[in-house]
Amino acid sequence: MKIATWNINGVRARLDNLVAWLKESSPDIVGLQEIKTVDEGFPRAEIEALGYHVETHGQKGFNGVALLSKIRPDEVNRGLPGGDGDEQSRFMEGVFSVKGGVIRFCCLYLPNGNPPDDPVKYPYKLSWMDRLAAFAEDRLALEEPLILAGDYNVIPEPHDCWDVKAWEKDALYLPPTRQAFRRLENLGFTDAVRASTDAAPLYTFWDYQAGCWPKNNGIRIDHLMLSAEASDRLVSTGIEKHVRNWEKPSDHVPVVAVLDFAAV
DNA sequence: ATGGTCGTGGTACGA
């Protein structure tokens with residue numbers, strides 16, 4: 001079972017890349033972030049033609065997440081609990097049958113939070129992270145393999161960015177952000193990529209501006225967080241960096257993991 | 001030269 005997360009930065013602008021990548025990588029379950037379209041605008045037919053089931057949680061112009069899967073989910077839930085009046089489409093959950101049980105795969109697009117002195121944006125990020133931790137704690141009680149996959153907009157550690165000086169005052173790196181991320185680790189979630197390699201640095205995002213990609217000025221903000229029941233089955237991970245060299249790339253690349261689960 | 005780019009929707013904003 002191969003799982004993946006990818007902030008695609010506009011699914012309609014990225015359709016050719018998405019199709020090419022699905023054909024090449026052939027993941028079983030994919031969480032997409034920043035589809036930047038309403039549900040009706042998602043290029044559903046093109047993805048279904050590749051044998052994928054498509055579930056979306058869209059929004060006009062911004063945000064939006066989707067779940068693509070070779071197997072049909074038994075259950076899909078949209079929206080992160082606890083956000084009374086939160087209109088932003090940033091979270092969805094799918095439950096999939098596998099041999100011997102289920103896996104629960106959540107696709108999340110965590111708020112950016114910049115600028116940190118804005119009266120709304122950084123508090124929204126931190127409260128969203130609180131809601132995510134509460135959700136995670138609730139789901140952990142099910143004792144299922146649980147994957148929290150997505151664009152966290154969190155640089156977990158100093159070696160996850162090309163220059164700490166450039167990021168230390170940023171909402172992606174400020175101490176409260178990293179503390180909130182560590183709460184997930186302390187609940188028992190494993191950062192799959194970090195757990196399966198000693199290599200550093202590892203990046204998943206390179207800004208379009210300032211020649212960040214050719215200079216390898218990247219950050220690692222897209223994560224696959226695994227509950228104990230999932231990390232027990234972790235085989236390998238990868239950051240599909242070559243996709244950043246394709247024409248009209250997203251500024252993020254796919255992050256994948258292979259887990260030792262078999263289809264029903 | 002001290003910025004530099006995208007996508008979306010509509011000529012601003014978020015990242």
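Just so it is clear: chains get the letters A, B, ... in the order the sequence lines come, proteins before strands, and each one is counted from 1.
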Which part of the nucleic acid, if any, lies within contact of [X], taking any heavy atom under 4.0 Å across all strands shown: a base, the sugar-phosphate backbone alone, or nothing?
X        : answer
A/Phe205 : nothing
A/Gly211 : nothing
A/Ala13  : sugar-phosphate

Original post:
Going hydrophobic residue to hydrophobic residue with side-chain gaps under 4.5 angstrom, can you get from A/Leu184 over to A/Ile155?
Top reply: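 In one cluster: no.
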**OP:** On DNA chain B, reading 5' to 3', which nucleotide is the first and which the last to sit with an atom under 4.0 Å from a heavy atom of chain A, could you check?
**Re:**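 The footprint of chain A covers B/dG4 to B/dA15.
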In whole angstrom, give me the gap between the [atom1] atoms of [N] and [M].
N      : M     : atom1 : value
B/dC13 : B/dT2 : C1'   : 24 Å
B/dG14 : B/dG9 : C1'   : 13 Å
B/dC6  : B/dA1 : P     : 23 Å

Subject >> Whichever of A/Gly10 and A/Asn114 has its nearest DNA chain B nucleotide further upstream toward 5' >> reply: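 It is A/Gly10 whose nearest nucleotide is closer to the 5' end.
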Original post:
In terms of the nearest nucleotide of DNA chain B, which residue is placed more toward the 5' end: A/Gln209 or A/His252?
Top reply: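 Between the two, 5'-proximity favours A/Gln209.
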**OP:** Report yes if the distance between the aromatic ring centroids of A/Trp6 and A/Trp21 is under 6.0 Å, otherwise no.
**Re:**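 That pair passes the under 6.0 Å test.
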Subject >> Side-chain touch A/Phe135/A/Leu108, heavy atoms, less than 4.5 angstrom >> reply: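 Not touching, per the 4.5 Å side-chain cut-off.
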Original post:
Parallel, tilted or perpendicular: which describes the rings of A/His223 and A/Phe181, with under 30° parallel and over 60° perpendicular?
Top reply: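 Because their plane-to-plane angle lies in the 30° to 60° range, the rings of A/His223 and A/Phe181 count as tilted.
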Original post:
Do the side chain of A/Ser26 and the main chain of A/Lys23 share a donor and acceptor less than 3.5 angstrom apart?
Top reply: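 Pair absent, no side-chain N/O of A/Ser26 close to backbone of A/Lys23.
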Original post:
Mind checking what makes side chain to side chain contact (heavy atoms under 4.5 Å, CB included) contact with A/Phe261, not counting sequence neighbours?
Top reply: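 In terms of side chain to side chain contact (heavy atoms under 4.5 Å, CB included), with neighbours along the sequence ignored, A/Phe261 is linked to A/Met1, A/Val98, A/Ile103, A/Pro145, A/Arg233, A/Leu259.
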